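These notes concern the structure reproduced below.
Just so it is clear, the structure is predicted and the values come from calculations on it, not from any experiment.
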Amino acid sequence: QLVQSGGGLVQPGGSLRLSCAASDGFRLQTYEIGWFRLAPGQEREGIACMLQVEWRTDYEDSVKGRFTISRDNAKNTVYLQMDALTPDDTGIYLCAAGWTPAPAACSLRKERYTYWGRGTQVTVSS
């Protein structure tokens, strides 16, 4: 239901934009969205999230000021714009969607999310 695209190889300091498109009948605008990173030898880590209400966002400290989560409801797609990439950003990136009644804030915890994309590889290397 969530189809990802946009990964690849980029040099340090470069940028990438990841996309996560929902299939017909799955309206992303009604869901909380999270982006997660699975780095080699590490656990899945929440790096960005966005509420469906007021589009409130949150970011993991290491990506604040460099990554931006956004959504285009008309395209039923969410994005993760990644700038000033470093080798530490290397990993598999996964988008996720979940629903919680009346959330006060979005969550970077994977337990919050029900639907997951298959992931896309991002490699930052010179």
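Using cut-offs of 30° and 60° on the angle between ring planes, the pair Phe26 and Tyr115 is perpendicular.
Heavy atoms only, all atoms of each residue included: Ala84 and Ser15 are closest at N-OG, 4.3 Å. In terms of heavy-atom proximity, Ala97 sits nearest to Ile33 at CB-CD1, 3.9 Å. Nearest heavy atoms, Ala22 versus Leu28: CB-CG, 3.5 Å. Across all non-hydrogen atoms, the minimal contact from Leu16 to Val122 is CD1-CG1, 3.8 Å.
Looking only at atom types and distance, the side chain of Glu32 has a donor-acceptor partner in the side chain of Tyr113 under 3.5 Å away. Residues Thr77 and Asp72 bring no donor and acceptor atom of their side chains to less than 3.5 Å of each other. Thr100 and Arg112 form a side-chain donor-acceptor contact under 3.5 Å, judged by distance and modelled atom types alone. At a cut-off of 3.5 Å, with distance as the only test, a side-chain donor of Tyr93 or Arg37 sits close to an acceptor on the other residue.
For the pair Arg44/Trp116, a side-chain contact is recorded, criterion being any heavy-atom separation below 4.5 Å from C-beta on.
Of the possible polar contacts, none joining the Arg56 side chain to the Gln52 backbone as a donor-acceptor pair under 3.5 Å is found. In this structure a side-chain-to-backbone donor-acceptor pair under 3.5 Å is missing from Thr120 to Gly6. Panel note: side chain Gln4, backbone Gly119; a donor-acceptor pair is recorded below 3.5 Å.
Here the straight-line distance linking atom CG of Asn73 with atom OG1 of Thr30 works out to 9.5 Å at 0.5 Å rounding. The OG atom of Ser62 sits 6.5 Å away from atom CG of Asp89, with the distance rounded to the nearest 0.5 Å. Taking CD1 from Ile92 and CZ from Phe36, the interatomic distance works out to 14.5 Å, rounded to the nearest 0.5 Å.
Environment of CD in Glu111: crowded, with over 12 heavy atoms of neighbouring residues, nucleotides or ligands closer than 6.0 Å.
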